[in-house]
Amino acid sequence: MGIDYSQLHDPNAEYTMRELSAETMGVAAKRGGGRDVEITDIQTTMVDGNFPWTLVRVYTDAGIVGTGEAYWGAGVSELVERMKPFLQGENPLDIDRLTEHMVQKMSGEGSLAGVTVTAISGIEIALHDLAGKILEVPAYQLLGGKYRDEMRVYCDCHTEEEADPIACADEAERVVDELGYDALKFDLDVPSGHEKDRANRHLRDVEIEHKASIVEAVTEAVGHRADVAFDCHWTFSAGSAKRLAERLEEYSVWWLEDPVPPENHDVQREVTQSTTTPITVGENVYRKHGQRRLLEGQAVDIIAPDLPKVGGMRETRKIADLADMYYVPVAMHNVASPVATMAAAHVGAAIPNSLAVEYHSYELGWWDDLVEETVIEEGYIDIPEEPGLGVTLDLDAVEEHLVDGAELFD
Ligand SMILES: O=C(O)[C@@H](O)[C@H](O)[C@H](O)CO
Ligand SMILES: [Mg+2]
């Protein structure tokens with residue numbers, strides 16, 4: 001077909017600029033590289049895990065379906081429903097453009113903050129699964145290929161007696177010896193006779209000593225066989241955070257996480273630069289724009305984006321690239337089902353500065369029943385070579401564990 005160049009500047013023209021230039025080159029191309037696939041529908045459902053895992057499916061007219069996962073949050077399903085018309089009829093291979101399209105539309109129509117980004121993340125992850133299946137490549141290939149064949153997983157550990165150093169040490173030994181992990185995390189904001197849920201909390205010396213006793217017990221029990229991190233859930237004052245981080249220096253912990261809230265980058269930087277204890281931050285920060293100043297300000301030693309919350313797989317890859325320029329490794333926060341956990345593993349495989357991916361469900365018993373594949377083995381995830389994410393939902397298992405009132409995909 002010849003080209004009518006008079007249409008080049010006509011907004012009602014029959015062709016897009018891209019089609020025109022493709023025509024010029026003699027290539028019959030459309031957006032999406034000429035593969036004629038269109039998004040027809042998007043659906044969500046919710047599984048009652050140790051968090052309400054929100055699974056997202058993107059359907060196409062080719063019959064190929066992509067599965068993703070959004071971080072749990074009130075209203076995610078409604079937000080996905082609201083964004084569906086933005087994507088219907090589009091080519092799912094244009095992942096960046098479609099993600100940007102959702103960002104732009106939601107910026108105008110509502111709030112882009114928080115839960116909207118998690119809804120976008122769920123769709124973005126599903127688009128990677130879908131694109132991989134259409135192109136018949138594993139998802140890591142869409143991100144630039146592999147640095148490694150397996151991804152290290154760290155186990156987020158809990159005990160009945162969270163404030164008891166001996167119980168923590170026993171659990172650490174069990175998780176290392178019986179479950180095979182060589183990387184763990186324990187909570188350190190556990191109550192010890194003092195109010196827990198207060199921000200900007202001053203820690204008395206006795207509390208700092210109590211936390212140090214947990215760290216000492218755990219690192220003595222497994223420290224020569226495992227890396228151990230400790231999480232504070234953003235509640236301490238800057239002064240207390242500094243005193244705690246300094247007190248822990250002798251134990252060489254893997255990292256101390258969220259000792260102060262992440263929003264004030266100056267305070268974050270002050271705490272991080274005051275100590276040789278590595279400080280990890282990131283699970284509550286949205287998009288690359290949110291993570292940018294933490295990195296540029298040298299306010300973190302390790303960055304911890306959460307894939308189904310931060311914006312998805314490409315967004316995490318971009319954050320990892322930015323982090324790499326500051327010599328900052330990435331330890332992906334993850335409390336998700338096997339779907340987003342596997343998405344994190346693909347990203348972790350494809351970036352140079354990948355430290356580990358979190359696993360938060362070892363006590364649940366049926367986490368990996370949700371998919372047909374084995375996901376974590378002996379503390380590592382083998383990166384699948386199947387097209388897309390390489391996990392297949394077991395729909396019977398998903399149905400068995402649905403949140404009350406949730407419906408399975410059609
Ligand atoms: O790093 C972690 O795994 C924790 O910060 C969890 O995300 C938090 O307890 C969820 O509410
Ligand atoms: Mg945390």
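The chain is numbered in sequence order, starting from 1. None of the values given here were measured: they were computed from a predicted structure. Any value given below was found using the heavy atoms of this structure, including those in side chains, with hydrogens, waters and symmetry copies removed. Read the numbers this way: they start at 1 and go in the same order the structure lists the ligands and their atoms.
For atom 11 (O) of ligand 1, the closest heavy atom belonging to the protein is Phe51 CE2, 4.3 Å. Protein heavy atom closest to atom 3 (O) of ligand 1, with residue, atom name and distance, is Glu358 OE2, 2.5 Å. The protein heavy-atom contact nearest to atom 7 (O) of ligand 1 is His333 NE2, 2.5 Å. Considering only non-hydrogen protein atoms, atom 9 (O) of ligand 1 sits nearest to His233 NE2, 3.2 Å.
Listed by number with element, the atoms of ligand 1 under 4.0 Å from a non-hydrogen atom of Glu283 are 1 (O), 2 (C), 4 (C), 5 (O), 6 (C), 7 (O). Atoms of ligand 1 lying under 4.0 Å from at least one heavy atom of Lys185, given by number and element, are 1 (O), 2 (C), 3 (O). Atoms of ligand 1 lying under 4.0 Å from at least one heavy atom of Asp156, given by number and element, are 3 (O).
Ligand 1 has no nitrogen or oxygen under 3.5 angstrom from a nitrogen or oxygen of Trp72. Any N or O atom pair closer than 3.5 Å counts here, and Tyr154 shares no such pair with ligand 1. Checking only distances, Trp234 never comes within under 3.5 Å of ligand 1, N or O to N or O.
For Glu283, the nearest N, O or S atom to the Mg ion (ligand 2) falls under 2.8 Å.
Counting only distance, with no hydrogens or angles, the side chain of Thr219 and the backbone of Glu216 share a donor-acceptor pair below 3.5 Å. For the pair Glu69 (side chain) and Ala340 (backbone), a donor-acceptor distance under 3.5 Å is present.
Checking Asp41 against Gln43 by side-chain atom types alone, a donor-acceptor pair falls below 3.5 Å.
Between Lys211 and Asp189 there is no salt bridge, since none of the side-chain N atoms of the basic residue sits less than 4.0 Å from a carboxylate O of the acidic one. A salt bridge between Glu386 and Lys133 is absent, with no side-chain N of the basic residue lying under 4.0 Å from a carboxylate O of the acidic one. With respect to the salt-bridge test (charged N to carboxylate O, under 4.0 angstrom), the residues Arg225 and Asp182 do not qualify.
Our summary of the site lists the angle at the Mg ion (ligand 2) between OD2 of Asp231 and OE2 of Glu257 as 90°, to the nearest 10 degrees.
A cation-pi arrangement is absent between Arg201 and Phe236, since the terminal nitrogen or guanidinium carbon is not both under 6.0 Å from the aromatic centre and inside a 45° cone about the axis.
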I'd like to know whether Tyr154 forms a ring-ring contact (aromatic ring centres under 6.0 Å, His included) with Trp255, so could you lay out the CA-CA distance, the side-chain angles of the two residues, the decisive distance to 0.1 Å, and finally the verdict. CA-CA 12 Å; Tyr154 78 85; Trp255 70 71; 5.1 Å; yes
